[in-house]
Amino acid sequence: MAKIAVLGNGSWGSVLGSMLADNGNDVVLYGNIDSVNQEINEHHTNAHYMKNWKLNPNVPATGNLENALDGAEIVLFVLPTKAVRIVAKKVRKILDKTGATPLLVTATKGIEPGSKKLISDILTEEVYPNNSERIVAISGPSHAENVAQKDLTAIACASTSEENAKRVQELFSNNYVRFYTNDDLVGVEVGGAVKNVIAIAAGILVGKGYGDDAKAALMTRGLAEITRLGVKYFGAKPMTFSGLSGIGDLIVTATSSNSRNWRAGKQIGEGKSLDYVLENIGQVVEGATTVKAVHELAEEKNIDMPISEAIYRVLYENADVDEEIKTMMGRNPKPEIQL
Ligand SMILES: NC(=O)C1=CN([C@@H]2O[C@H](COP(=O)(O)OP(=O)(O)OC[C@H]3O[C@@H](n4cnc5c(N)ncnc54)[C@H](OP(=O)(O)O)[C@@H]3O)[C@@H](O)[C@H]2O)C=CC1
Ligand SMILES: O=C(CO)COP(=O)(O)O
């Protein structure tokens, strides 16, 4: 058992925090919206993010980061990518005062545009320079809505330190969520981040009325380009993409209406604007941000990522979906397996 600070009280932070308390840990949730913290403390609900669900009543919520970190052995980041660096800087300042060295776990799935950094790189840079062993990433096919209902779920926990991955595996596993350790930290993170872009594409196809063949083709070719980016730029192991954070997470996110990325794509396929869709969903749609980083990387490093590039053009350059599909299907013929 451990004292765990969960940073981010949206859907996944609330559900993970509640699950960790169910597991017998001493959990506190940190969030930046006072009304959400108050609702959690008074009613054990978080209605905007998780409808018809109650948290474990032993999970308090606070807007005070210093209080949340007090005595924490594990700090779990479940923030949107755009907030991770901001909050990590604050965490570092607090740890400088207390001298504590908690394990940092990230459940955030994204790549930061501009820096093109993975979340573990941001945490290493901001909190533990030169010591990425203190970072563990958890990633796999897991929707907050399913875990809240205690549906059966499997997730990878990855670290360059086997000992730290095992510590997280031991604390986080229970009889409905099974964690598997993995030593390919960057591979696990790339899979979790870039599948969100492919999930937007999968939603667009449904919004446009395409069927199962199109979905299967997209997911398979999507995985090929995720693997290419992971292996060529981040130095990931190819096998990782056959695992929970690769094909596993791609399957759930590209086929489930629980996925915000898939739902965003579907609405775009139906002709809605990106601004309307993001406003309407009211929760983080990570693929819409990560695609910017993927576009920068594909261009700068000359990595062939036709689906992600098409999604970038549709979201940010007003490209027409039908034209993009036509162009993609008309590209030069090529072999299936190509790094
Ligand atoms: N939901 C899920 O099923 C899963 C989500 N994830 C990943 O977890 C991460 C979080 O997702 P999720 O919980 O779903 O997101 P939500 O949109 O449900 O919640 C995110 C929360 O973080 C808050 N936030 C934003 N900026 C800050 C900040 N600077 N400090 C503190 N809190 C902040 C948001 O507030 P505000 O609304 O004001 O911005 C919101 O309350 C994402 O990377 C996602 O990909 C991974 C697996 C499953
Ligand atoms: O990562 C997820 C499931 O594993 C959550 O996906 P969405 O962010 O698309 O809802």
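The first residue of the sequence shown is numbered 1, and numbering continues consecutively from there.
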Give me the atom names and distance for the closest heavy-atom approach of [X] to [Y].
X	Y	answer
D184	N182	N-OD1, 2.7 Å
S259	A199	OG-CB, 4.4 Å
P306	M328	O-CE, 4.1 Å
S18	V59	CA-CG2, 4.2 Å
I307	A201	CG2-CB, 3.9 Å
F241	G191	CE2-N, 3.9 Å

How many angstroms lie between [atom1] in [X] and [atom2] in [Y], if you round to the nearest 0.5 Å?
X	Y	atom1	atom2	result
L244	L250	CG	CG	13.0 Å
T240	I247	OG1	CD1	13.5 Å
I94	E66	CD1	CD	5.0 Å
L118	I135	CG	CD1	12.0 Å
L103	Y128	CG	OH	7.5 Å
N258	S11	CG	OG	10.0 Å

Please examine the side chains of [Y] and [X], heavy atoms only from C-beta on, and report whether any two atoms are closer than 4.5 Å.
X	Y	answer
Y49	V36	yes
V127	I122	no
R313	H295	no
D151	Y176	no
Y30	V6	no
E336	R221	yes
V147	M19	yes
T98	L69	no

Do the side chain of [X] and the main chain of [Y] share a donor and acceptor less than 3.5 angstrom apart?
X	Y	answer
S273	Y276	yes
K195	G222	no
T327	E323	yes
T181	C157	no
K109	G140	yes
N23	L171	yes
T124	P129	no
N9	L29	no
Q169	F179	yes

*Decide side-chain hydrogen bond (donor to acceptor under 3.5 Å, both in side chains) for D249 and T253; before the verdict, give the C-alpha distance in whole Å, the side-chain angles of both, and the deciding distance to 0.1 Å.*
CA-CA 6 Å; D249 212 354; T253 320; 3.2 Å; yes
*How far apart are the C-alpha atoms of L229 and V194, what are their side-chain angles, what is the distance that settles it, and do they pass the side chain to side chain contact (heavy atoms under 4.5 Å, CB included) test?*
CA-CA 9 Å; L229 177 72; V194 187; 3.9 Å; yes
Would [X] and [Y] pass as an ion pair if we require N to O under 4.0 Å?
X	Y	value
E270	K266	yes
R167	E73	yes
D96	R92	yes
D183	K237	yes

*Can a cation-pi geometry be assigned to R178 and Y180, taking NZ or CZ under 6.0 Å from the six-membered ring centre and within 45° of the ring axis?*
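Here R178 passes the 6.0 Å and 45° test against Y180.
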*When you measure from the centre of the six-membered ring of Y210, is the NZ or CZ of K215 under 6.0 Å away and within 45° of the axis?*
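Cation-pi check for K215 and Y210: fails.
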*Take I226 and I198, measure what side chain to side chain contact (heavy atoms under 4.5 Å, CB included) needs, and give me the verdict at the end.*
CA-CA 9 Å; I226 294 173; I198 306 302; 4.0 Å; yes
In one Ile/Leu/Val/Met/Phe/Trp/Tyr side-chain cluster, 4.5 Å: [X], [Y]:
X	Y	value
F172	L185	no
I86	L95	no
V291	V190	yes
V285	M50	no
V294	F234	yes

Tell me whether [X] at atom [atom1] has more than 12 heavy atoms from other residues, nucleotides or ligands lying less than 6.0 Å away.
X	atom1	result
E163	CD	no
K82	NZ	no
D322	CG	yes
K166	NZ	no
E279	CD	no
M1	CE	yes

Any side-chain donor near an acceptor of the partner, [X] and [Y], under 3.5 Å:
X	Y	answer
S308	E225	yes
N174	D22	no
S14	N46	yes
S35	Q38	no

*Given K117, which of E125, E112, E296, E189 fulfils the salt bridge (charged side-chain N to carboxylate O under 4.0 Å, His left out) condition?*
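Of the listed residues E125, E112, E296, E189, the salt bridge (charged side-chain N to carboxylate O under 4.0 Å, His left out) partner of K117 is E125.
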*Output all residues satisfying salt bridge (Lys or Arg N to Asp or Glu O under 4.0 Å) with E133, sequence neighbours left out; order by chain, then residue number.*
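Salt bridge (Lys or Arg N to Asp or Glu O under 4.0 Å) check on E133 returns nothing, list empty.
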*Given D304, which of R331, Q338, K334 fulfils the side chain to side chain donor-acceptor pair (under 3.5 Å) condition?*
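Result for side chain to side chain donor-acceptor pair (under 3.5 Å) with D304: K334.
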_Could you go through T81 and E286, starting from their C-alpha distance and side-chain angles, then the distance that decides it, and tell me whether this counts as side-chain hydrogen bond (donor to acceptor under 3.5 Å, both in side chains)?_
CA-CA 7 Å; T81 301; E286 289 282 24; 3.0 Å; yes
*Apply salt bridge (charged side-chain N to carboxylate O under 4.0 Å, His left out) to K51 and E145, showing your working.*
CA-CA 9 Å; K51 301 208 170 14; E145 292 78 0; over 6 Å; no
